[in-house]
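Being a predicted model, the structure only gives us computed values, none of them experimental. Residue indices begin at 1 and follow the sequence shown.
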Amino acid sequence: MAGISSLGIGSGVLTSDLVDQLVAAERAPTENRLTQKTQQSEAMLSAYGKLRSAITELRLPMRQLSSADNLKAFSATSSNENIGVSVDSTKASRGSYSLNVTGLAQAQALASQAVFADRDAASVGQGTLQLSVGDKVTNITIDGSNNTLQGMANAINEANAGVSAGIIDTGSGYQLVMSADETGVANSVSISATEEVGAEGLARFAFDVADPTANPDMKQTIAATDAVMEINGIEVTRSSNSFENVIDGLSFDIKETGTSTVTVSQDVGAVTDRVQGFVDKFNALQSTIGSLAGFNSDAGVGSLLTGDSTVRALQGELRQVLTGVVPGLENASVRSLADVGVSTDPNTGALNFDREKFETQLKNNPDDVTALFAEQGRATDSQVEFVRSGTNTQAGKYDINVTQAATRGSLNYAAADTGTVTVMAGNRFTFEVDGETQVSVFLENAPDGSPLSGTGDDFTGAEFAAAIQQALDNSNELKAANRSVQVAWDATDGLTFTSGNYGAESNVRLTGALNAPSLNSKDGVAGTDVAGTINGQVAKGDGQVLYLGSDAGAASGIQVRILGDQTGSRGSINFVQGIGKSTVDLVNGFVGADGKIENRTSSLNRELEKIQESQVKLDIRIESYRERLVKQFSAADSLISQLNSTRDYVTQQLDALAPQNFNKK
């Protein structure tokens with residue numbers, strides 16, 4: 001402050017040092033109190049942060065154990081390394097399978113027979129090449145800019161037609177070679193040519209997959225084949241050498257023909273490790289609680305969170321969840337963690353885990369062990385399946401009543417119209433499945449196995465149903481959309497196409513039947529959704545799934561799949577929540593956005609903000625106090641200075657009146 005350095009000149013007492021001492025004495029009590037409160041609040045925040053981290057670490061293993069799929073870990077082995085197997089533990093089940101791979105999938109290859117002297121100069125003709133690969137048709141224009149062997153190869157490669165082209169130098173000239181990008185019969189290549197008059201030549205590159213010898217100028221050097229494998233004597237084909245989910249949860253990758261035995265067994269060790277992970281995280285949490293809230297009885301000293309209500313609530317709720325009998329399992333073989341080898345140490349509160357006991361229970365009572373940890377719906381009707389629960393579904397028993405069974409959409413042609421179906425070469429059948437998926441398939445051979453003729457071949461209803469079924473089963477569009485169509489012929493019901501899905505969105509339409517004059521385009525009849533009640537409340541239907549919304553009380557969000565066509569009472573679902581979900585909910589109740597720890601830390605942060613505000617007010621008050629002292633000291637110092645001057649003057653005057661001065665006169 002200006003002028004404070006001059007304090008004390010008049011008095012020699014009221015100095016700036018004295019102001020600093022008085023200001024410090026005024027600040028110290030309040031500042032010490034605020035500093036102490038700040039340190040305490042920050043220490044509490046740090047402690048709650050450590051507690052939050054330890055609790056959060058417990059959530060992941062329990063979230064894993066809350067999923068029934070994670071308690072059904074499986075592993076698979078193949079006796080032949082050239083027949084690989086992978087397993088999806090969420091879908092697989094125990095079993096042993098005998099595999100016999102009799103054929104590998106390969107891509108078709110073609111080669112032109114004409115030999116060109118120059119790849120960049122000799123003309124190949126002009127016009128349009130039409131490439132048909134599976135259900136994809138691509139037109140490629142060959143004109144003056146690309147009517148050479150190299151130009152044609154480049155145009156094919158740039159067209160993204162599902163075919164790759166190249167040129168081979170045979171030593172005596174150049175030939176065009178082509179190969180399908182994908183393996184399998186469904187990806188075979190057919191080529192037709194429309195020639196420009198006066199610039200003919202493209203017809204040399206035409207190829208008919210239905211009649212490979214029709215054009216001797218284009219030779220099929222490798223025929224497209226599907227992979228063929230027998231699984232327990234049942235033949236299965238795929239367009240590639242990967243058989244995905246051919247058995248629930250199992251996929252095969254084949255490299256050579258041969259046999260193999262594939263064994264699927266439960267991976268008990270993997271499940272046990274997940275439980276061990278939970279035990280380890282729980283014990284780490286207990287250790288953290290001990291360091292933050294423990295009490296040293298020998299020293300008589302508590303820790304920072306000793307007696308804290310949040311910590312007491314956490315320990316109490318964990319104890320209740322982890323030591324009690326799971327609701328719904330009162331009469332089961334496994335009712336609590338203690339039954340599977342997870343016990344509590346009474347001295348430390350830590351968990352002990354008997355792995356051998358757990359694995360024995362998992363092998364002997366897999367369903368009960370699953371229900372102990374994960375949510376599970378136990379149906380009394382064998383054709384009612386529990387699908388899932390909602391966030392607010394509570395453990396309990398819920399009755400199921402069906403008023404309408406789900407049906408599949410279908411398309412039917414009368415027996416009189418389909419007893420004989422005529423199909424010609426170049427046929428193409430197009431379908432719309434479930435209102436979304438467009439499917440195009442064709443038949444190559446007559447019932448006797450010979451190629452279809454241009455004038456038509458007759459199929460019986462049963463022969464046509466089998467042939468079109470195989471074509472639909474090989475459809476890449478249906479596979480990609482995870483849909484299917486079943487075809488059947490009956491002397492009474494006629495020809496029927498049925499969607500593999502249930503519900504109001506399920507349907508089959510024939511949108512076109514090229515070169516099949518006995519079939520006309522026709523709309524099918526849509527399926528119906530299941531309807532009924534759960535726990536006496538009207539439920540919604542989606543295909544075969546019956547479900548309640550989020551506002552249905554204790555049964556909110558529960559979903560069940562109704563199989564079969566039986567209506568009326570379908571028994572009940574006993575929903576067991578399991579320790580995993582309960583623990584995850586408990587953890588969220590402490591560390592979630594509105595959890596107990598979040599509320600406590602928010603309160604501490606608000607307290608720190610108030611301390612900062614008090615600190616600012618203290619600074620303002622002390623500054624004002626300092627200014628007041630300086631003014632008071634300055635005024636007093638000035639007065640003292642004046643008094644000193646007066647004193648000096650009086651002293652001088654008195655000295656002048658002294659007796660010796662009179663004697664001098």
Side-chain angles (χ1 to χ4, degrees), residues 51 53-68 70-73 266-295 297 303 305-306 310-376 378 395 576-591:
L51 183 62
S53 297
I55 298 173
T56 304
E57 286 291 313
L58 183 63
R59 180 166 53 187
L60 178 59
M62 290 311 279
R63 181 172 285 164
Q64 292 175 335
L65 290 171
S66 69
S67 170
N70 288 329
L71 290 156
K72 298 178 181 178
Q266 188 172 16
D267 192 349
V268 175
V271 179
T272 307
D273 288 341
R274 291 192 178 106
V275 178
Q276 182 70 63
F278 149 67
V279 170
D280 292 342
K281 293 299 183 183
F282 178 87
N283 289 340
L285 171 60
Q286 286 296 104
S287 178
T288 299
I289 291 175
S291 65
L292 296 174
F295 182 82
S297 57
S303 302
L305 297 182
T306 300
T310 303
V311 175
R312 292 201 309 271
L314 172 62
Q315 290 179 306
E317 291 182 33
L318 280 173
R319 189 180 304 110
Q320 183 177 1
V321 169
L322 300 180
T323 61
V325 173
V326 174
L329 295 181
E330 292 84 358
N331 299 317
S333 299
V334 173
R335 305 182 308 158
S336 67
L337 283 175
D339 293 331
V340 294
V342 181
S343 58
T344 304
D345 187 323
N347 296 320
T348 64
L351 294 180
N352 298 318
F353 184 36
D354 185 337
R355 293 176 64 95
E356 184 178 350
K357 183 176 182 179
F358 176 82
E359 292 181 358
T360 299
Q361 288 283 35
L362 183 60
K363 292 175 183 176
N364 295 339
N365 302 291
D367 287 342
D368 286 347
V369 173
T370 298
L372 177 68
F373 288 96
E375 66 175 25
Q376 188 183 77
R378 299 185 167 192
V576 182
Q577 188 174 61
I579 290 172
K581 178 66 163 53
S582 298
T583 305
V584 170
D585 289 345
L586 186 157
V587 171
N588 290 337
F590 279 87
V591 303

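A 4.5 Å side-chain heavy-atom check between V268 and K363 finds at least one atom pair inside the cut-off. With contacts defined as side-chain heavy-atom distances shorter than 4.5 Å, the pair D280/F353 does not qualify. Side-chain contact between D585 and Q577 is present, with heavy atoms from C-beta onward closer than 4.5 Å. Here the side chains of L285 and K281 are not in contact, with every heavy-atom distance at 4.5 Å or above. Here the side chains of F590 and L51 are not in contact, with every heavy-atom distance at 4.5 Å or above.
Under a 3.5 Å cut-off, the side chain of S287 and the backbone N or O of N283 do not form any donor-acceptor pair. In this structure, Q286 contributes its side chain and A284 its backbone to no donor-acceptor pair below 3.5 Å. A donor-acceptor contact shorter than 3.5 Å links the side chain of S291 to the backbone of T288. Between the side chain of D368 and the backbone N or O of S333, at least one donor-acceptor pair lies under 3.5 Å.
Atom NZ of K581 is surrounded by more than 12 heavy atoms from other residues, nucleotides or ligands within 6.0 Å.
Evaluated for a side-chain hydrogen bond (donor to acceptor under 3.5 Å, both in side chains) with T272, the options R355, E359, E356 yield exactly one hit, E359. Of the residues listed (L58, V584, T583), the one engaging R63 in a side-chain contact (heavy atoms from CB on, under 4.5 Å) is V584, and it is the only one.
Across every non-hydrogen atom of L71 and L362, the tightest pair is O-CD1, 4.3 Å. Between S66 and G580, the closest heavy-atom pair is CB-C, 3.7 Å.
To the nearest 0.5 angstrom, M62 atom CE is 10.0 Å from F282 atom CZ. With values rounded to the nearest 0.5 angstrom, L337 atom CG is found 5.5 Å from L372 atom CG. The structure places CG of L329 at 8.0 Å from CD of Q376, a figure rounded to the nearest 0.5 Å. Taking CZ of R274 as the reference point, atom CG of L65 lies at 7.5 Å (rounded to 0.5 Å). Atoms CD and CG, on Q276 and L351 in that order, are 10.0 Å from each other to the nearest 0.5 Å. Here the OG1-CD1 distance, from T306 to I289, works out to 12.0 Å after rounding to the nearest 0.5 Å.
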R378/D367 under side chain to side chain contact (heavy atoms under 4.5 Å, CB included): CA gap, chis, key distance, verdict: CA-CA 10 Å; R378 299 185 167 192; D367 287 342; 4.3 Å; yes

What side-chain donor-acceptor pairs closer than 3.5 Å can you find for residues 310-322, not counting sequence neighbours?
{"unit_1": "R312", "atom_1": "NH1", "unit_2": "G307", "atom_2": "O", "d": "2.2"}

Expected list for residues 338-347: side-chain donor-acceptor pairs under 3.5 angstrom, two or more places apart:
{"unit_1": "D339", "atom_1": "OD2", "unit_2": "R335", "atom_2": "N", "d": "2.9"}
{"unit_1": "D339", "atom_1": "OD2", "unit_2": "S336", "atom_2": "N", "d": "3.2"}
{"unit_1": "D345", "atom_1": "OD1", "unit_2": "N347", "atom_2": "N", "d": "2.8"}

